[in-house]
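Residue numbers start from 1 in every chain, and the chains themselves are labelled A, B, ... in the order their sequence lines are given, proteins ahead of strands.
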Amino acid sequence: MAVGQVGAPLLDGAALRADFPVFERPTASGRPLAYLDSAASSQKPRAVIEALADAYGHHYANVHRGIYELSVDADSRYEAARTAVARFIGASSPREVVFVRNATEALNLVAASWGGANLGPGDLVLSTEMEHHANLVPWQQVARGTGAGLEYVAITDDGRLDLHDLRARLARGPKLLALAHVSNSLGTINPVAEITRMAHEAGALVVLDAAQSVPHMPVDVTALGVDFAALSGHKMLGPSGIGALWGRRELLDAMPPFLTGGSMITRVTLEGAEWNEVPWKFEAGTPAIAEAMGLAAAIDYLQSIGMDRVRAHERFLFERAWASLEDMPGVRLLGPASPDEHAGVIGFVVDGIHPHDVATILDSEGIAVRAGHHCAQPVMLRYDLPATTRASFYVYNDLDDVERLVDGIRTTQQVFGTA
Amino acid sequence: MAVGQVGAPLLDGAALRADFPVFERPTASGRPLAYLDSAASSQKPRAVIEALADAYGHHYANVHRGIYELSVDADSRYEAARTAVARFIGASSPREVVFVRNATEALNLVAASWGGANLGPGDLVLSTEMEHHANLVPWQQVARGTGAGLEYVAITDDGRLDLHDLRARLARGPKLLALAHVSNSLGTINPVAEITRMAHEAGALVVLDAAQSVPHMPVDVTALGVDFAALSGHKMLGPSGIGALWGRRELLDAMPPFLTGGSMITRVTLEGAEWNEVPWKFEAGTPAIAEAMGLAAAIDYLQSIGMDRVRAHERFLFERAWASLEDMPGVRLLGPASPDEHAGVIGFVVDGIHPHDVATILDSEGIAVRAGHHCAQPVMLRYDLPATTRASFYVYNDLDDVERLVDGIRTTQQVFGTA
Amino acid sequence: MTGDNLYRDFILEHYREPHNRGVLEPHDLHFADSNPTCGDEMSMTLRLDEARERVADIAFDGRGCAISQASASILTDDLRGLTLGELRELDPAEVVANLGVPIGPARLKCALLVYKVLQGAVRGAAVGWPEEADVLAGGNAGGSAP
Amino acid sequence: MTGDNLYRDFILEHYREPHNRGVLEPHDLHFADSNPTCGDEMSMTLRLDEARERVADIAFDGRGCAISQASASILTDDLRGLTLGELRELDPAEVVANLGVPIGPARLKCALLVYKVLQGAVRGAAVGWPEEADVLAGGNAGGSAP
Ligand SMILES: Cc1ncc(COP(=O)(O)O)c(C=O)c1O
Ligand SMILES: Cc1ncc(COP(=O)(O)O)c(C=O)c1O
């Protein structure tokens with residue numbers, strides 16, 4: 001079946017694949033790998049793998065002001081990585097960037113530290129029905145611990161945030177709104193700048209789960225106006241084990257520490273401790289040193305492409321895939337149809353075939369997609385689905401991958417005799 | 001000056017250095033690097049760097065039961081790394097091994113989760129005067145949060161745990177004793193099996209900070225009898241960003257989660273969540289996937305040497321260094337003199353010269369040591385020192401490094417005119 | 001190709017027209033469990049013989065993927081007449097082998113859900129996944145994850 | 001070689017026999033701060049002229065490394081007669097340059113401790129480290145770390 005007769009993608013996916021060693025790996029099917037699971041985690045370009053090898057091979061020591069040459073080298077590269085992240089997301093200072101393991105830890109940090117210090121009975125927190133568990137469960141925990149209330153902004157049948165419902169809930173004066181920039185299960189891009197204006201007018205801080213946006217589109221936290229943002233390095237071509245929390249300096253300054261131990265203190269006696277300045281106050285113990293440097297290399301790689309072009313490329317693939325799948329009998333798509341409101345993540349179900357069976361048959365064709373609840377069980381409940389299959393795009397994908405996906409779904413229907 | 005005329009070290013440090021790319025790096029001094037800061041963090045052998053490149057290049061996907069080939073591959077390698085850690089430390093099941101960022105996070109996890117659930121006013125926790133801040137501040141925090149008491153077992157003038165004081169404090173019925181296996185500032189090896197027997201008789205659980213022991217000597221948590229143990233990958237030739245908490249299954253099972261979010265749950269609704277089984281209950285979000293595989297490669301490398309031989313090698317270097325430094329005028333050594341009670345970590349002060357100045361001058365000779373409080377400010381207070389200089393050994397060190405250290409201290413004294 | 005090998009005709013037939021599907025009323029034993037990996041939920045009802053020793057009848061219910069449905073359909077066909085003791089001793093590896101198609105680690109829990117529910121029914125309480133289903137990360141939470 | 005370049009004779013002389021060391025009694029301004037990186041603690045006392053505008057006398061006290069002590073000795077030599085406004089405007093980069101030896105990033109805070117304490121005294125409250133001292137990780141906590 002032919003996909004996309006008109007126009008061409010902005011990036012040459014096949015050429016970019018040459019930068020990623022994983023695509024040399026043969027699949028059991030004998031066909032090349034069509035990797036359509038970047039929303040779960042991205043593959044890594046040689047530039048990142050080599051940056052790690054270089055960091056470990058030539059610039060590695062513990063950070064935090066060792067005095068010798070090698071530690072000064074490691075330390076300044078680690079801090080340079082912080083600056084790279086700050087610039088990439090439009091933060092006004094690297095001091096506002098805390099290195100953590102992943103977006104999950106970033107969100108836990110805000111919930112426990114800011115929430116623990118600022119929430120109590122009678123206070124209200126808003127989250128939404130489309131959140132990843134990482135932006136849900138920590139708020140449930142802190143609500144339980146502090147006695148604060150927790151409500152969820154509703155989503156519409158086509159997977160957009162219900163702004164009427166948001167307005168109504170903001171009118172109750174919540175202290176904080178935690179929401180995803182891009183939903184990992186629906187693909188929805190939320191209008192964050194507008195939502196943040198509304199939230200701030202209502203006196204609520206905004207915590208942005210940017211795990212699915214920062215890797216795929218230009219994101220400027222200052223322009224968006226949010227107060228905190230969470231991201232994961234592994235979803236943006238970087239290493240696993242590294243992520244970042246960005247927060248406004250004055251908020252971070254006022255927050256109590258989260259994890260405690262070495263290098264987040266200035267003074268420790270047997271009676272108690274005094275905390276270091278931000279961001280180090282939030283980085284207890286030896287951080288993911290080389291992984292931070294690897295993340296900086298990933299940012300370099302993405303910037304050499306240009307985030308506008310990354311977004312345009314994925315938008316193009318999304319449009320072609322959506323157009324083809326939309327017309328397929330027995331296939332139902334989730335999330336908004338408009339490419340302005342939909343990132344390169346397509347959740348779908350095939351009538352009469354369980355999402356896991358779809359994924360298994362696609363796998364037998366060398367196509368890697370994810371099936372399940374995508375850590376968004378409330379979304380599954382909302383649409384009364386046990387699970388969905390999800391295809392997601394990145395720079396190394398191209399129309400060939402889209403075509404194989406569509407063909408694979410057709411094959412699945414043939415195997416199950418539903419086509 | 002000549003060090004060690006008799007005997008030879010067990011390992012050929014120079015030959016092993018060939019496995020570590022960092023030693024190809026020229027130092028500003030023009031001399032080869034004498035890396036004597038492994039207690040802060042170790043260097044990485046090519047085997048580990050290559051394992052990371054292989055993981056990222058050929059076996060990388062998110063874990064937690066993706067359905068496609070590549071994710072099954074990543075998942076089983078990630079779980080195999082857990083098994084490798086479990087075997088390495090004598091755990092009875094991989095299910096007792098939780099991957100965390102570092103020893104600091106492991107200790108925070110126990111303090112917050114076990115402590116939060118089991119401590120209250122009237123309860124007592126014991127730590128010791130020789131702990132790293134990572135095994136102090138989390139207990140101060142949980143004591144403050146729960147109203148429990150916190151006391152410290154005293155240390156002797158030569159840096160050993162005061163077992164009389166321990167016995168007296170155990171008599172007050174503490175619920176838990178948190179102690180280091182090996183002190184990172186004094187080098188002391190604590191008699192953990194004996195201490196654990198005493199603690200258990202008194203009804204206290206034992207949390208072992210094994211950050212400085214697991215990398216350097218055979219450690220069997222089952223034989224030691226402890227209840228929890230914390231370690232860091234980066235100190236044992238492995239990547240940064242990965243560490244482990246080991247705990248007895250029944251204790252871990254009963255503990256509430258620490259960080260929350262994806263993959264540590266079985267079911268999430270807008271009302272609440274149910275937790276996954278251990279160890280996954282404690283691994284929220286995408287873990288340090290490739291770094292876990294890198295840690296397994298580090299364990300392979302260490303096992304190919306043999307932990308008995310690692311320990312014997314460092315003991316040999318310790319004895320030679322101690323003997324030489326002990327005789328130097330103006331040099332004071334910390335910790336026990338007996339090589340049975342002292343790991344390959346030597347803290348010292350040079351009369352009339354600040355530890356940082358010692359480290360800077362050693363650096364100018366290509367010798368990397370650490371100076372400062374070593375995240376053990378209470379130890380500095382105990383011995384009334386603003387700071388110390390510390391040299392620490394690993395498999396890639398040899399007598400030449402010891403000799404350069406001793407010569408470098410002499411040079412320092414000459415520069416300062418104190419020799 | 002896994003997909004082709006796995007979805008053999010008899011598997012798909014069991015999926016489309018499962019044997020022993022439904023709820024026995026009245027019944028002697030009942031249990032329900034789930035595999036969050038697939039969002040699958042399965043319940044089981046058993047009727048025992050007069051000695052309350054052997055399976056007189058058995059049925060399963062719920063929704064799920066082809067593998068879990070076929071596995072339940074195939075296994076339940078074989079259980080009538082067995083004693084409760086024999087059910088307890090069932091070897092999960094045999095349950096999988098009995099399917100006659102290559103079940104990779106990613107789908108093991110699908111194949112074993114019926115086993116888990118059956119053990120729950122026989123023992124009167126939820127049991128953990130058999131060891132062989134733990135070769136991959138995530139315990140119960142699984143692939144559905146990120 | 002850093003060590004040799006850094007520990008020039010005049011630095012060591014200032015370290016061994018620091019100028020302006022001690023505590024002025026009475027004094028008009030007093031402040032103490034520390035650099036946990038080195039375990040260094042430094043206090044400072046200043047006496048002002050009658051107009052309470054210019055530095056009449058200045059002294060520092062405390063223990064520390066050769067760099068922080070020499071830096072304090074050298075800087076305090078230059079401050080008498082300056083106005084409080086001028087002290088506030090002091091450029092930390094010049095404080096470092098004025099030392100006349102190459103201060104690498106690892107020792108910047110040692111060289112700047114006197115600046116930090118001075119600013120604390122003049123402003124009446126602790127100030128953060130100047131930006132240039134932040135090129136390495138760890139803020140206050142530093143090298144002492146792991
Ligand atoms: C005894 C001891 N415990 C805990 C730690 C903390 O280790 P990490 O910084 O890897 O969390 C260290 C590291 O210096 C240590 O030496
Ligand atoms: C929207 C969203 N938020 C948070 C996360 C959690 O990311 P991590 O697992 O890297 O912590 C994810 C990852 O799947 C996500 O898609």
Side-chain angles (χ1 to χ4, degrees), chain A residues 21-22 25 27-28 40-41 43-44 49 52-53 56-58 60-62 66-70 101-102 104-105 108 132-134 136-138 140-141 152 232 234 240-242 259-262 265 267-270 272-273 284-286 288-291 356 359-360 363 368 370-371 375 377-378, chain B residues 21-22 25 27-28 40-41 43-44 49 52-53 56-58 60-62 66-70 101-102 104-105 108 132-134 136-138 140-141 152 232 234 240-242 259-262 265 267-270 272-273 284-286 288-291 356 359-360 363 368 370-371 375 377-378:
Chain A
V22 75
R25 178 189 157 121
T27 68
S41 199
Q43 293 300 331
K44 318 301 173 199
I49 298 172
L52 282 170
Y56 280 123
H58 305 288
Y60 183 81
N62 212 323
I67 280 181
Y68 52 88
E69 230 177 292
L70 196 58
R101 179 172 34 246
N102 50 26
T104 301
E105 188 184 11
N108 274 268
H132 186 281
H133 294 162
L136 273 186
V137 190
Q140 294 180 342
Q141 293 289 96
Y152 304 92
S232 285
H234 69 91
S240 49
I242 186 82
L259 304 187
T260 58
I265 51 81
R267 194 176 296 261
V268 175
T269 66
L270 296 177
T286 303
I289 299 169
E291 290 66 31
H356 274 216
T360 294
D363 180 45
R370 193 146 289 241
C375 292
Q377 289 184 7
Chain B
V22 74
R25 177 190 158 121
T27 68
S41 199
Q43 294 301 330
K44 318 302 172 198
I49 298 172
L52 282 169
Y56 280 122
H58 306 288
Y60 184 83
N62 212 324
I67 280 180
Y68 52 89
E69 231 177 292
L70 196 57
R101 179 173 33 247
N102 50 27
T104 300
E105 188 182 12
N108 273 269
H132 186 281
H133 295 162
L136 273 186
V137 189
Q140 293 181 343
Q141 293 290 96
Y152 303 92
S232 287
H234 70 90
S240 49
I242 186 82
L259 304 187
T260 58
I265 52 81
R267 194 176 297 260
V268 174
T269 66
L270 296 177
T286 304
I289 299 169
E291 291 65 32
H356 274 217
T360 295
D363 181 44
R370 193 146 290 240
C375 292
Q377 289 185 6

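For A/I49, the part lying under 4.5 angstrom from a heavy atom of chain B is the side chain only. Interface remark: A/E69 contributes backbone and side-chain atoms alike to the contact with chain B (heavy atom separation under 4.5 Å). Residue B/R25 touches chain A through its side chain alone, counting heavy-atom pairs closer than 4.5 Å. When heavy atoms are compared at a cutoff of 4.5 Å, A/L52 approaches chain B solely by way of its side chain, counted from C-beta outward. Only the side chain of B/Y152 comes within contact range of chain A, with heavy atoms under 4.5 Å apart. For A/L136, the part lying under 4.5 angstrom from a heavy atom of chain B is the side chain only.
Listed here is the closest heavy atom pair of A/S240 and B/A290: OG-N, 3.3 Å.
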Candidate pair A/N108 and B/T260, rule side chain to side chain contact (heavy atoms under 4.5 Å, CB included), full reasoning = CA-CA 7 Å; A/N108 274 268; B/T260 58; 3.5 Å; yes
Audit row: A/Y60, A/I289, side chain to side chain contact (heavy atoms under 4.5 Å, CB included) steps and yes/no = CA-CA 8 Å; A/Y60 183 81; A/I289 299 169; 3.9 Å; yes
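Chain B forms the most heavy-atom pairs under 4.5 Å with one residue out of A/A53, A/A359, A/G261, and that residue is A/G261. Most heavy-atom pairs under 4.5 Å with chain B, from the set A/S232, A/A61, A/G285: that is A/G285. No other option in B/E105, B/H58, B/E291 has as many heavy-atom pairs under 4.5 Å with chain A as B/E291. Interface summary for chain A: among B/V268, B/N102, B/T27, B/V22, the most heavy-atom pairs under 4.5 angstrom belong to B/V268.
At least one donor-acceptor pair closer than 3.5 Å links the side chain of A/N62 to the backbone N or O of B/A40. With hydrogens and angles ignored, the 3.5 Å screen pairs no side-chain donor or acceptor of A/T104 with any backbone N or O of B/A284. Without hydrogens or angle criteria, B/K44 side chain to B/H234 main chain gives a donor-acceptor distance under 3.5 Å. Listed for the A/Q140 side chain is a donor-acceptor partner under 3.5 Å among the backbone atoms of B/T269.
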